[in-house]
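Read through the structure below, which is laid out as structure tokens, and then see the notes.
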Amino acid sequence: MAWQPAEALDILERAVEAAVFAATAPMTAEAIAAHLGGAEVGGVRAALARLAQDYAGRGVHLVERGGRWHFQTAPDLAHLLRREREEQRRLSRAATEVLAIVAYHEPVSRAEIEAIRGVQTAKGTLDVLLEAGWVRVAGRREVPGRPVIYATTPAFLAHFGLASRRDLPGIDELRAAGLLDPVDEALAGALELPGRHELMPETRIETENALDKNE
Amino acid sequence: MAWQPAEALDILERAVEAAVFAATAPMTAEAIAAHLGGAEVGGVRAALARLAQDYAGRGVHLVERGGRWHFQTAPDLAHLLRREREEQRRLSRAATEVLAIVAYHEPVSRAEIEAIRGVQTAKGTLDVLLEAGWVRVAGRREVPGRPVIYATTPAFLAHFGLASRRDLPGIDELRAAGLLDPVDEALAGALELPGRHELMPETRIETENALDKNE
Amino acid sequence: MNLIPAAADFGAAQPAPAAGDAEALHLALDGWEGPLDLLLDLARRQKVDLRRISILGLVDQYLSYIDRAEALRLELAADYLVMAAWLAYLKSALLLPREEQEEPSPEELALRLQLRLERLAAMRDAAARLMARDRLGRDVFARGAPEGLRVDRRNAWTCEWFDLVQAYGQVKARTAPVVHMVRDRKVMTLDSALSRLSAMLGLTLDWLDLQAFLPPSGDGEWADPQLRRSALASSFVAALELARLGKAELAQDETFGPLRLRGVRA
């Protein structure tokens with residue numbers, strides 16, 4: 001994809017480019033439009049798409065993360081730009097697991113996180129993720145006890161370079177394999193309990209095979 | 001100047017672009033070279049020059065200031081990157097009084113306003129009315145000191161839904177509404193409908209007195 | 001049998017091991033995060049798809065591991081031992097003839113364990129893949145020094161019609177000329193005080209209190225306190241005036257003390 005000649009840029013495209021460039025945080029198309037004195041959102045979206053193409057292949061890319069746009073350096077330059085002083089505090093294994101569970105299962109309660117991990121989650125683990133701005137409290141589940149439920153944030157998507165949760169690595173395969181379903185549901189499906197016929201046949205067969213082997 | 005096709009960008013040019021973009025402060029060519037693991041300064045300079053040309057005409061420019069390079073938004077877009085937000089604010093009591101006096105007595109000088117109000121009028125109060133667009137400077141009175149005189153604007157009439165200043169309620173209507181209690185009968189009689197060519201004799205005396213004082 | 005419900009749910013339902021236990025475990029069990037973590041690790045060593053692992057083999061490995069740890073006299077956390085007990089039960093149930101099984105069947109329990117291991121493994125892999133992505137601030141960078149977008153505040157002034165008219169009415173009401181009527185009040189004038197003091201000073205050369213020069217309070221209208229105050233004030237001013245003219249001397253021994261005066265012979 002070749003850059004457009006600068007002469008071909010219309011004022012909206014230049015304004016969108018400048019606005020996203022100047023912004024201190026990723027911006028939605030709506031926020032950009034509002035900021036540019038009520039430009040049409042459709043026009044802003046089109047400009048963003050053209051700009052993203054313009055910048056593809058350059059040292060800086062225009063990317064969309066959770067509906068918000070920002071410029072960032074090209075990933076293939078990481079080895080040249082990585083800075084020692086910005087080395088981030090490494091997340092503990094527990095924290096990375098909890099983060100993955102929140103991301104793939106959101107919204108999710110602490111009890112659900114613990115059921116998957118098989119251990120209690122230390123208080124600080126979720127706090128670290130909340131403090132990093134990657135996880136937020138997304139309300140309460142309307143079940144007895146009204147537990148707090150957690151979800152990821154746009155900052156999470158931005159940090160991990162995900163356009164949306166659909167881009168989570170392997171999420172489609174995990175979903176197809178039923179691995180994002182609760183154990184009880186998967187168990188019911190595997191045992192062909194009434195009302196559970198919608199589970200993937202393959203999964204059922206495989207788990208049955210597994211059972212066969214175990215007998 | 002047309003953008004270079006992205007394919008034409010070499011790795012150094014892309015790296016320089018990314019490094020300047022990500023830097024927290026403008027960088028010299030030497031600093032960029034050092035940051036990129038000891039690239040040749042000459043090559044970095046050449047890349048900067050090509051990049052500056054690339055960005056000319058876009059919404060973002062690469063500029064050099066005192067030997068240091070940084071990206072900045074195009075100066076002609078500055079007005080687009082600033083947004084105004086309207087905040088509804090009620091006129092203060094003092095400003096409302098001054099506005100009413102200007103409306104009933106225009107054109108009127110500040111000293112005359114103060115004489116009518118019986119208190120000093122802060123400079124900011126008239127500024128608010130000027131900012132609101134309800135009061136304008138209507139010239140100077142040809143008396144010693146040549147004080148500025150103020151009058152209302154069409155926007156004033158529009159805001160209050162008046163066809164003309166003749167629609168301002170007369171003194172009889174004010175009294176009927178109980179807005180003139182307890183006003184001296186003689187003075188009340190002196191106040192008549194505004195919009196006439198001559199001010200009421202009593203009013204004129206008051207304002208003349210005020211003028212005398214200021215001289 | 002009563003072990004099953006608790007064990008089947010051993011995740012969230014179990015109390016966390018005490019800190020000391022966790023520490024001992026950490027050393028002993030090489031950093032596993034609980035029994036499920038250990039089981040998953042053992043399962044992965046079978047080097048087959050988790051869906052095809054041998055649960056019986058897994059149970060044997062776990063139990064032998066726990067046995068060994070106990071043989072080393074390591075303090076094992078309760079949840080590891082609960083899991084060991086539950087797995088021992090599961091093993092025996094799986095080996096028993098099918099007809100003697102109660103609900104839930106051992107196959108169901110084994111499947112539940114396997115499903116849990118699959119889910120934990122899936123999330124562990126997902127976490128690793130997530131962390132390996134190009135991360136903002138580590139691999140890719142946002143703009144270092146963004147100008148920021150400015151939002152200027154503009155005031156939209158409002159004023160109600162009624163407020164405007166009312167304000168004018170009140171200005172007019174407030175600044176209307178007001179006539180003050182001062183009621184005629186009985187006073188002792190300075191002139192009368194002067195002549196009274198001059199006359200009385202002529203009678204004696206002794207020091208006298210200023211109070212002594214006032215008309216007697218029992219005397220009709222002079223009983224009025226307002227008039228007496230006026231008499232005192234006028235007499236005081238008169239005394240000052242006489243002193244200025246050299247016709248009297250004034251003395252006061254202490255602040256706020258009685259003011260005395262006497263006449264001066266010319």
Side-chain angles (χ1 to χ4, degrees), chain A residues 19 21-24 26-27 35 61 70-75 77-78 81-82 86-88 91 93-94 96-97 99-101 103-105 110-112 114-120 122 158-162 168-171 174 177 179-180 183 186-187 190-191 206-207 209-211 213-215, chain C residues 9-17 31 33-37 39-40 49-57 79 94 98 105 107-108 110-112 114-116 118-143 146-151:
Chain A
F21 212 80
T24 51
M27 289 179 93
H35 197 91
H61 292 169
H70 71 272
F71 283 102
Q72 65 178 33
T73 57
L77 299 172
L81 300 175
R82 202 168 280 145
E86 295 208 4
E87 187 56 47
Q88 288 162 343
L91 283 182
R93 200 182 80 175
T96 61
E97 262 180 45
L99 179 62
I101 291 168
Y104 285 77
H105 291 265
R110 176 189 281 251
E112 288 157 359
E114 292 178 343
I116 293 170
R117 297 190 61 227
V119 285
Q120 288 224 328
H159 182 86
F160 290 98
L162 302 162
L168 284 167
I171 191 167
L174 290 174
L179 286 169
L180 299 182
V183 167
L187 192 67
L191 298 173
E206 280 169 12
T207 48
N209 286 344
L211 266 181
K213 276 185 83 174
N214 288 331
E215 280 169 20
Chain C
D9 252 29
F10 59 84
Q14 293 282 335
E33 271 198 76
L36 198 64
D37 189 18
L39 272 170
L40 179 60
D49 189 320
L50 273 181
R51 285 169 298 193
R52 299 175 208 293
I53 53 162
S54 157
I55 288 288
L56 272 181
D79 50 352
L94 285 170
R98 203 168 251 282
S105 68
E107 285 77 16
E108 187 180 330
L111 177 56
R112 176 179 283 275
Q114 185 198 348
L115 290 172
R116 295 195 61 188
E118 275 179 30
R119 273 155 186 72
L120 178 58
M123 284 302 105
R124 199 153 281 178
D125 292 345
R129 290 172 72 178
L130 207 49
M131 293 302 139
R133 289 184 65 85
D134 289 320
R135 288 163 62 182
L136 195 61
R138 187 190 68 173
D139 308 295
V140 297
F141 298 89
R143 184 140 179 246
E147 290 94 340
L149 297 169
R150 267 180 54 193
V151 177

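Every chain is numbered from 1, with letters handed out A, B, ... down the list of sequences.
- Of the listed residues (A/A23, A/A103, A/A74), the one with the most heavy-atom contacts under 4.5 Å to chain C is A/A23.
- Using a 4.5 Å cut-off on side-chain heavy atoms (C-beta onward), A/L174 and C/M123 make contact.
- Residue A/H105 touches chain C through its side chain alone, counting heavy-atom pairs closer than 4.5 Å.
- Here the straight-line distance linking atom CG of A/L187 with atom CD of C/Q114 works out to 10.5 Å at 0.5 Å rounding.
- Between chain C and the residues A/A22, A/G170, A/A94, the largest count of heavy-atom pairs under 4.5 Å involves A/A22.
- Each of C/L40, C/D125, C/L130 has some count of heavy-atom pairs under 4.5 Å with chain A, and the biggest count is that of C/L130.
- In this structure, A/P75 and C/V140 have side chains that are in contact, with non-hydrogen atoms separated by less than 4.5 Å.
- Here the side chain of C/R133 pairs a donor or acceptor atom with the backbone of A/G161 at under 3.5 angstrom.
- Residues meeting the ring-ring contact (aromatic ring centres under 6.0 Å, His included) test with A/F160, sequence neighbours left out: A/W134, A/F156.
- A side-chain donor-acceptor contact under 3.5 Å links A/H159 to the backbone of C/L136.
- The shortest side-chain heavy-atom distance between C/D37 and A/V119 does not fall under the 4.5 Å cut-off.
- Between A/F21 and C/R143 there is a side-chain heavy-atom pair separated by less than 4.5 Å.
- With a 4.5 Å cut-off on non-hydrogen atoms, A/I101 touches chain C through its backbone and its side chain both.
- For the pair C/E147 and A/T24, the minimum side-chain heavy-atom distance is 4.5 Å or more.
- Although no hydrogens or angles enter the test, the distance criterion places no donor-acceptor pair under 3.5 Å between the side chain of C/R119 and the main chain of A/R117.
- With a threshold of 4.5 angstrom between heavy atoms, A/L168 approaches chain C through side-chain atoms but not through N, CA, C or O.
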